[in-house]
There are 2 protein chains.
Amino acid sequence: MATIADVASYTGLSRATVSRVINDYPHVSKDKRELVHEAMKELGYFPNTSARNLRNRRTNLVAVLIPRLTNPFFTLILDGIEKVAEENGFQLIICQTKSSKKKELEFLNLLQTKQVDGVIFTSIENNWEEIQPYTAHGPIILCNEYHHDATVPMVRLNQVQGSYLGTKHLIERGHQRLAYCMGSTSGLSNDRRKGFFQAVHEAGLEVKSEWIFHDTYTMEDGVKTFNKILSLTERPTAIFTGGDEVAAAMVKEAKRNGLDVPGEMAILGFDDQPIASMIEPELTTIYQPGDEIGGRAMSIFMDCLKGKRDHVSKSVMELPLSLVIRKST
Amino acid sequence: MATIADVASYTGLSRATVSRVINDYPHVSKDKRELVHEAMKELGYFPNTSARNLRNRRTNLVAVLIPRLTNPFFTLILDGIEKVAEENGFQLIICQTKSSKKKELEFLNLLQTKQVDGVIFTSIENNWEEIQPYTAHGPIILCNEYHHDATVPMVRLNQVQGSYLGTKHLIERGHQRLAYCMGSTSGLSNDRRKGFFQAVHEAGLEVKSEWIFHDTYTMEDGVKTFNKILSLTERPTAIFTGGDEVAAAMVKEAKRNGLDVPGEMAILGFDDQPIASMIEPELTTIYQPGDEIGGRAMSIFMDCLKGKRDHVSKSVMELPLSLVIRKST
DNA sequence: ATGATGTTTGTAATCGATTTCATGAAATCG
DNA sequence: CGATTTCATGAAATCGATTACAAACATCAT
């Protein structure tokens, strides 16, 4: 491989001048500039990124932590991040945490060892105290996540409002007995519960503890949970799910059991994934602009790197969610 | 940031010895080894990846070219790649080509500038002559793609067999007039057509040119194409689609038009994405083990890097597809 | 005691760029 | 025209690691 030294000696110039040409710096005469360009082409020279990174103390790489690549909502966020990254000449490193605390911390190593310039979390597994020390090594942005004590920029969707809207909608449809499915016990999940109960209490309704279900993520979880609901003596008439996959699976299971949706059971999704408008009846759901928060998070990241913004002080950007009324409620 | 030199002077040892400890090399006395470990902890030292990459001429990074992150089949491949990458201490850089030739070539720059050790294509836009020169800079693997003149390892699914199976199934169900939807004019696409026509000719059937549709990728394409099919005077009774999204959209559009699926129109998907078993009626489709080929491709990539395998000689690994019979045919 | 062998450690070169500083030439100014 | 500024270029230090080679020392067999 040709190096900058080869180009220098080939042209009879110094490495400094060649470097100036490569980086399009001023103060290089036109003829030398052309000379260098020709030599680079002739020798098949390409600047070595590792060498540049070392010298520049920059990699133009961001690590994006994501629970699962196969979750469409997260790839939507990823897509939003990628768009802005590309505009800024940044590349993305994918870090699938598989919701493991250990893996999450391992990926933070990339930051310590300066393999990346920063990290964007699209979900967070560890407590903030575990993460906090890493902020010393570069910008960390929370995207679609929130921690009260986190001292970093956060971009999130207003989950309280989203679940409030959805729940209120169910109540307005006349439902009195609501089942509630949640995922983990994360900040995001807490917010949703908050919005849910806010609407419930406003309406003066009661939610029995056996109508609340934990750890519902996948389609299988949806099927299982739905059957649990069916077997209840005092059965809810509407279900608030934590995601469209779960909701879709429930709709399907309902039909398999000969139940009319929404007549005998109303089902509310979350996310507005493509599947929501493909199934029959189409899902009423909460639209989450995943690409939007992804893009915002990446913009903020760039601002941090450019020094336009402090990356170790808390800031929260909150985007609204909206209800998409279709046929399942 | 502490450097290896800091650790060296802190311990009174040389950088060489510290380096030996970092890399777990032999010939370092036990007490010095511990001394170094303590010093590293004390100083908060972490080896700088750019410096190591420069010296080792390795980045432990692969670029994965993918048309769209939001396509579930490709994220499945990505997932397979990631699994094997992780086992080998490799990180993935995502490169969304958005099916653009220009972008594809831009990403190959990462290879020339040694930002990555190699590239995995999950789809290919340019002609092979355009790509070929880049093979000089590191391993290039074709995953889910095939080019006759490519002189690199390829892992692919037997598309001929897959579409043959699907088409034969439609014919066995008694269909005589088959519509065929294809995507681009890639190698993959050609193979599918081959399998399709093989089954068609075996059965002595004829396929009118107006039953063949190009550039059908998305759900919207599915809706449009379906309506074109409906408006034909001599209307096909079965549709071979290029993907589950298209098929799902068609099923929906059929129902909207009051057509019975599969009674009045049979629809065959491709991929077996989650959506295939969520819609009503469930899609008969061709299962493609995306994670499997992803993993295989990454394994081959590792073999190339380790020198166990030549990366500039053609080799083809072909995995079988299977027909999943459900309710849409 | 002699030489062979193996362990432990250090010196200095190297990977391939960027950048500071210095120097001479050219352009500009009063 | 002399002083000052700007332009063009190069020498050499630097970024932070790894590694070839050499040296000092210990161990062991003969």
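Heavy-atom basis, side chains included; hydrogens, waters and symmetry copies ignored. From a predicted model like this one, the values you see are computed outputs, not experimental measurements. Residue numbers begin at 1 in each chain, while the letters A, B, ... track the order of the sequences.
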Rounded distance in Å - CD1 (B/Ile4) to P (C/dG10): 12 Å

Donor-acceptor contact present, side-chain A/Ser19 to main-chain A/Arg15, <3.5 Å: no

Under 3.5 Å, side-chain donor or acceptor atoms of residues 138-150 of chain A against the rest of the protein: list the pairs with distances, not counting sequence neighbours.
residue: A/Glu145; atom: OE2; partner: A/Ile124; partner atom: N; Å: 3.2

Pull out every protein N or O sitting under 3.5 Å from an N or O of nucleotides 21-29 of chain C, one pair per line with the distance.
none

Salt bridge (Lys or Arg N to Asp or Glu O under 4.0 Å) against B/Glu42, all qualifying residues, sequence neighbours excluded: none

Contacts of B/His311 that satisfy ring pair (Phe, Tyr, Trp, His ring centres under 6.0 Å) - sequence neighbours left out: none

Pairs involving residues 76-104 of chain A, ordered by first then second residue, that meet side-chain hydrogen bond (donor to acceptor under 3.5 Å, both in side chains) (sequence neighbours left out): A/Asp79-B/Gln96, A/Glu82-B/Gln96, A/Glu86-B/Lys103, A/Gln96-B/Asp79, A/Gln96-B/Glu82, A/Lys102-A/Glu106, A/Lys103-B/Glu86, A/Glu104-A/Asn126

Heavy atoms of other groups near A/Lys306 NZ, more than 12 under 6.0 Å: yes

Set of ring pair (Phe, Tyr, Trp, His ring centres under 6.0 Å) partners for B/Phe46, sequence neighbours left out: A/His137

Check: A/Lys314 main-chain N/O paired with A/Thr151 side-chain donor or acceptor under 3.5 Å: no

Main-chain N/O of B/Tyr25 paired with B/Asn23 side-chain donor or acceptor, under 3.5 Å: no

N/O donor-acceptor pair under 3.5 Å between B/Thr11 side chain and B/Val7 backbone: yes

B/Asn56 side-chain N/O to B/Arg58 backbone N/O, donor-acceptor pair under 3.5 Å: no

Expected output: side-chain A/Ser123 to main-chain A/Ile66 donor-acceptor under 3.5 Å: no

Strand contacts (DNA chain C) in residues 23-36 of chain B, 4.0 angstrom heavy-atom criterion: B/His27, B/Val28, B/Ser29, B/Lys32

Difference in axis direction between the ends of the helix from C/dA1-D/dT30 to C/dG30-D/dC1, five pairs, 10°: 30°

For residues 294-305 of chain B, please give each side-chain donor-acceptor pair under 3.5 Å, one per line with the distance, not counting sequence neighbours.
residue: B/Arg296; atom: NE; partner: B/Glu292; partner atom: OE2; Å: 2.9
residue: B/Arg296; atom: NH2; partner: B/Glu292; partner atom: OE2; Å: 2.9
residue: B/Ser299; atom: OG; partner: B/Gly295; partner atom: O; Å: 3.2

Close residues, residues 108-117 of chain B, relative to DNA chain C [heavy-atom separation under 4.0 Å]: none

Side-chain (A/Asp117) to main-chain (A/Val62) donor-acceptor, under 3.5 angstrom: no

Rounded distance (nearest 0.5 Å) linking atom OG1 of A/Thr49 with atom CD of B/Gln112: 10.5 Å

D/dG16 OP1/OP2 closer than 4.0 Å to side-chain N/O of B/Thr3: no

Of residues 7-17 of chain A, the positions that come close to DNA chain D - non-hydrogen atoms, cut-off under 4.0 Å: A/Gly12, A/Leu13, A/Ser14, A/Arg15, A/Ala16, A/Thr17

A/Asn60 side chain to A/Arg52 side chain, donor-acceptor N/O pair below 3.5 angstrom: no

Sidechain-backbone polar pair: A/Asp191 side chain, A/Leu188 backbone, donor-acceptor under 3.5 Å: no

Selection: residues 48-63 of chain B, any non-hydrogen atom under 4.0 Å of DNA chain C: B/Leu54, B/Arg55, B/Arg57

Atom-to-atom span, CG of A/Leu43 to C1' of C/dG16 - whole angstrom: 15 Å

Whether A/Asn127 side chain and A/Glu129 backbone form a donor-acceptor pair below 3.5 Å: no

